[in-house]
Amino acid sequence: MSPLRIEAFHSSKGWSEIGIIGPHDPFGSISDNLPSGHRDIFIFFCSPDDKYSVIKILPEGFDLTLNYFRNISLENLKEAKEIKRLTLGSGSYEMKIKTDISPIERKIRFTHINSSKQK
């Protein structure tokens, strides 16, 4: 199994794992609050056949977080634009985001990994 590893960068301790998504898991999501007030919503998942992982951006919509549960409007899912496809050995994809709970922009890293090399 080659799941998708998601990590966040902390200036004091470097990269730390914040999640793993496998081929049969629901997709993950994260939002980026832009200085303009616009909010980009990204979704990411591991393919059902375990050959790749994908990061997409939704063209519009909304997301809502209550406690530890996150809901996303999915009516525009078919129009979501793929921004990166990762395969085993293809390296990582990094992006900077500012979530609604973070006072500063943070680096996030996505890697399609070999499960035998998981931490």
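- Ion pair E82/K56 not flagged as a salt bridge, since none of the NZ, NE, NH1 or NH2 atoms sits closer than 4.0 Å to an Asp/Glu carboxylate oxygen.
- When the side chains of ILVMFWY residues are joined at heavy-atom separations under 4.5 Å, either directly or via intervening members, I83 and I21 end up in a single hydrophobic cluster.
- Taken from OG in S29 to CG in L58, the straight-line distance is 8.5 Å, to the nearest 0.5 Å.
- There is a path of hydrophobic side-chain contacts, each under 4.5 Å, that joins Y93 to I57.
- Using a 4.5 Å heavy-atom cutoff, the side chains of L4 and F45 are not in contact.
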Legend entry - Step-by-step side chain to side chain contact (heavy atoms under 4.5 Å, CB included) determination, F110 to M95: CA-CA 9 Å; F110 300 89; M95 60 193 297; 3.5 Å; yes
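- Between the side chain of N33 and the main chain of R39, no donor-acceptor pair closer than 3.5 Å is present.
- Heavy-atom minimum distance, E105 versus K96: OE1-CD, 3.4 Å.
- The structure places CD of E94 at 9.0 Å from CD of E7, a figure rounded to the nearest 0.5 Å.
- Put simply, the side chain of S47 gets close to the backbone of Y52: a donor and an acceptor are under 3.5 Å apart.
- Panel note: side chain D32, backbone K98; a donor-acceptor pair is recorded below 3.5 Å.
- Side-chain contact between F9 and I108 is absent, with no heavy-atom pair separated by less than 4.5 Å.
- Closest approach of C46 to P3, counting heavy atoms only: SG-CA, 4.2 Å.
- No side-chain donor-acceptor contact under 3.5 Å links T111 and R5.
- In the hydrophobic clustering of this structure, F42 does not group with L34; members are Ile, Leu, Val, Met, Phe, Trp, Tyr whose side-chain heavy atoms approach within less than 4.5 Å, directly or through other members.
- A distance of 7.0 Å separates CD1 in I18 from OG in S16, rounded to the nearest 0.5 Å.
- Side-chain contact check for H10 and R106: at least one donor-acceptor pair (N or O, by modelled atom type) lies under 3.5 Å.
- Within the 4.5 Å cutoff, no side-chain heavy atoms of E17 are placed close to those of I6.
- Between F27 and F44, the ring centre distance reaches or exceeds 6.0 Å.
- Within the 4.5 Å cutoff, the side chain of I30 has no heavy atoms near those of the I41 side chain.
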